[in-house]
There are 2 protein chains.
Amino acid sequence: MSVSIAVAAKHGNVVPSTVYSPIPRLEPEARPGFELSGVVTHFAPGRQLYAEGDDARSFYKVVSGVVRTCRFLCDGRRQIDAFHMEGDVFGFEAGADHRMAAEAVSDCTVIAYRRRGLESMLFHDDRLGNWFFSHAMTTLALAREHSLLLGRGSAAQKIAAFLQEIATREGNECFVDLPMSRQDIADYLGLTIETVSRTLSQLERNGAIALPTARRVMLKDRQALRTLTV
Amino acid sequence: MSVSIAVAAKHGNVVPSTVYSPIPRLEPEARPGFELSGVVTHFAPGRQLYAEGDDARSFYKVVSGVVRTCRFLCDGRRQIDAFHMEGDVFGFEAGADHRMAAEAVSDCTVIAYRRRGLESMLFHDDRLGNWFFSHAMTTLALAREHSLLLGRGSAAQKIAAFLQEIATREGNECFVDLPMSRQDIADYLGLTIETVSRTLSQLERNGAIALPTARRVMLKDRQALRTLTV
DNA sequence: CGAATACTTGATGAGACTCAAGCGCCGTGG
DNA sequence: CCACGGCGCTTGAGTCTCATCAAGTATTCG
């Protein structure tokens, strides 16, 4: 008993002992049409949609491209909370202002919805209220999953989990096109850019993945990746 | 002292560059009275309220004592998501079952509320719906705060932030009574029990805190603690 | 083609983990 | 009353992972 635990601890797993069931993200189709004063806007890579502390007058839905929500620390470091991809809704806050900044990772198009007036609607339109509540709970579950990874994962586990997450979201089983830089990945996983790079190279040497280009990852051995995380 | 300052300078702060405003926790008084089939139950330290994967038939409110919600990894390690203290509501899930286990940290008393029937009520009783929505958003904000700490903090930063969090929640400016073990703290902060112990000793040598007993921490120099985290 | 940017790789060191021992408190039992 | 375990906590020594500092390579774009 103690031995097997010791061995497991060495190359330990980040996954719960119960069967792993990924958090189901809300499908765009499940969303009620809130065509309430939505404004389509385009952002170039790196442009800020809003800053920390800005009035949370609007929330957003991604039409195309990728957006990151993040916070900046005093020393200039950054913690990326989430990447938002096509169909994702983000920037809806409990309080009066945004607790995170939002920035375009790639060229992207979003719809900005006025939050004004929504609050009262939430509790008069069952479907709308229901959807927003589900959205909050789902986001919470995803945040906890992320916490688990940040708190307990090794660099290899973090990278493996990240690749699988992106693959799932892109809906592609065999390769991943990374829309974000190494720095973004590092800030999302609580690592440095060098460690991200090294770990990817390591996984390639192991045969778990291949890197035809820096931004494209072939998932050659999903079982090996899963073994790191499951 | 010089050590802790040096550490702070080296790794910088875990706090956003914008002014730090702690997430306001929902006050018990702000909660609508949901006296819907609440069952008062008592648990001895270490006893499990529910396990990962259990049907989420109920959610809970803490009357006295402390409860932890956590997940277990394959290798036996544990990640504690949160400590729930007097007045806190926990165990309300998006899906059909609990994604985390809940265990009594100390002797504690909780009220279990049937979730059945609540769902429909949520969207017919504005105040109730409003409260649960706020609760979800607040919990989300706290989870993100926790992520930030897990992803970017050094051991000293994690411990300092933890002590201040508990002090705030216990409403005591000058000392903290820790209801939980070193192992609990370690699992909450993503550290080992030895590192927690060593870091506390370090902070005592620095003069930031005093440890009259293992479970009682005097906050001697809050500025120094804040310098680590703010 | 050259400059800028993004990524990779190497050498080194600091911080946290592991293993192992020692201390202190507390309840039990002689 | 004190001896004895048991348990939680502390401390030490050694190791390993990841961050840091510092080149070097690839890719993009004017």
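Naming: A, B, ... by sequence-line order, numbering from 1 per chain.
When each of dT8(C), dA16(C), dT10(D) is scored by its nearest atom to the side-chain atoms of Ser154(B), the top-ranked nucleotide is dA16(C). Nearest to the side chain of Ala214(A), among dT9(C), dC9(D), dC7(C), sits dC7(C). The Glu194(A) side chain lies nearest to dT20(D) when the options are dT20(D), dT11(D), dA19(D). Nearest nucleotide to the Ile193(A) side chain, out of dT8(C), dG8(D), dC19(C): dT8(C). Taking only side-chain atoms of Arg215(B), from C-beta outward, the nucleotide of dC7(C), dT11(D), dG8(D) with the closest atom is dG8(D). Side-chain proximity of Thr192(A) to the nucleotides dT11(D), dC7(C), dT20(D) is greatest for dT20(D). You'll find that the side chain of Arg182(A) is closest to dC7(C), out of dT11(D), dC7(C), dA16(C).
Side-chain N or O atoms of His135(A) include one that pairs as donor or acceptor with a backbone N or O of Val89(A) at under 3.5 Å. A distance-only check finds a donor-acceptor pair linking the side chain of Asp75(A) to the backbone of Arg77(A) [under 3.5 Å].
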Between protein and nucleotides 23-30 of chain D, map the contacts as a letter string: B base, S sugar-phosphate only, - none, heavy atoms under 4.0 Å, written 5' to 3'. --------
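Put simply, the side chain of Gln183(A) and the base of dC7(C) share no donor and acceptor less than 3.5 Å apart. Side-chain N/O atoms of Arg198(B) and base N/O atoms of dG12(D) include a donor-acceptor pair closer than 3.5 Å.
Position along DNA chain C of the nearest nucleotide to Leu200(A) versus Thr199(B) favours Leu200(A) as the more 5'-ward residue. The residue among Ala155(A) and Ser181(B) whose nearest nucleotide of DNA chain D lies closer to the 5′ end is Ser181(B).
If you measure from atom CD1 of Ile185(B) to atom P of dC9(D), you get 8 Å, rounded to the nearest angstrom. Nucleotide dC9(D) holds its P atom 17 Å from the CG atom of Leu203(B), rounded to whole Å. Regarding Ile159(B), its CD1 atom lies at a distance of 16 Å from the P atom of dG15(C), rounded to whole Å. Between Leu211(B) atom CG and dC23(C) atom C1' there is a gap of 15 Å when expressed in whole angstrom units. Taking atom CD of residue Gln202(A) and atom P of nucleotide dC18(D), one finds them 10 Å apart after rounding to whole Å. Residue Asp187(A) contributes atom CG, which lies 12 Å from atom P of dC7(C) at whole-angstrom precision. As rounded to whole Å, 15 Å separates atom C1' of dT17(D) from atom CG of Leu191(B). In this structure, Leu189(A) atom CG and dT17(D) atom P are separated by 18 Å, rounded to whole Å.
Ion pair Glu86(A)/Arg169(A) not flagged as a salt bridge, since none of the NZ, NE, NH1 or NH2 atoms sits closer than 4.0 Å to an Asp/Glu carboxylate oxygen.
Within 4.0 Å of Ser201(B), counting heavy atoms only, lie sugar-phosphate atoms of the nucleic acid but no base atom. In this structure, Ser197(B) reaches the bases: a heavy-atom distance under 4.0 Å links it to at least one base atom across the strands shown.
For Thr195(A), a side-chain nitrogen or oxygen approaches OP1 or OP2 of dA19(D) to under 4.0 Å.
The two residues Gly151(B) and Leu150(A) come nearest to each other via the heavy atoms CA-CD2, 4.1 Å.
Ring orientation note: the planes of Tyr50(A) and His98(A) are close to parallel, at an angle under 30° on the 30°/60° scale. Using cut-offs of 30° and 60° on the angle between ring planes, the pair Phe90(B) and His84(B) is parallel.
Separating the CG atom in Asp187(A) from the CZ atom in Arg68(A) is a distance of 8.0 Å, to the nearest 0.5 Å.
Within 6.0 Å of the CZ atom in Arg47(A), the count of heavy atoms belonging to other residues, nucleotides or ligands does not exceed 12.
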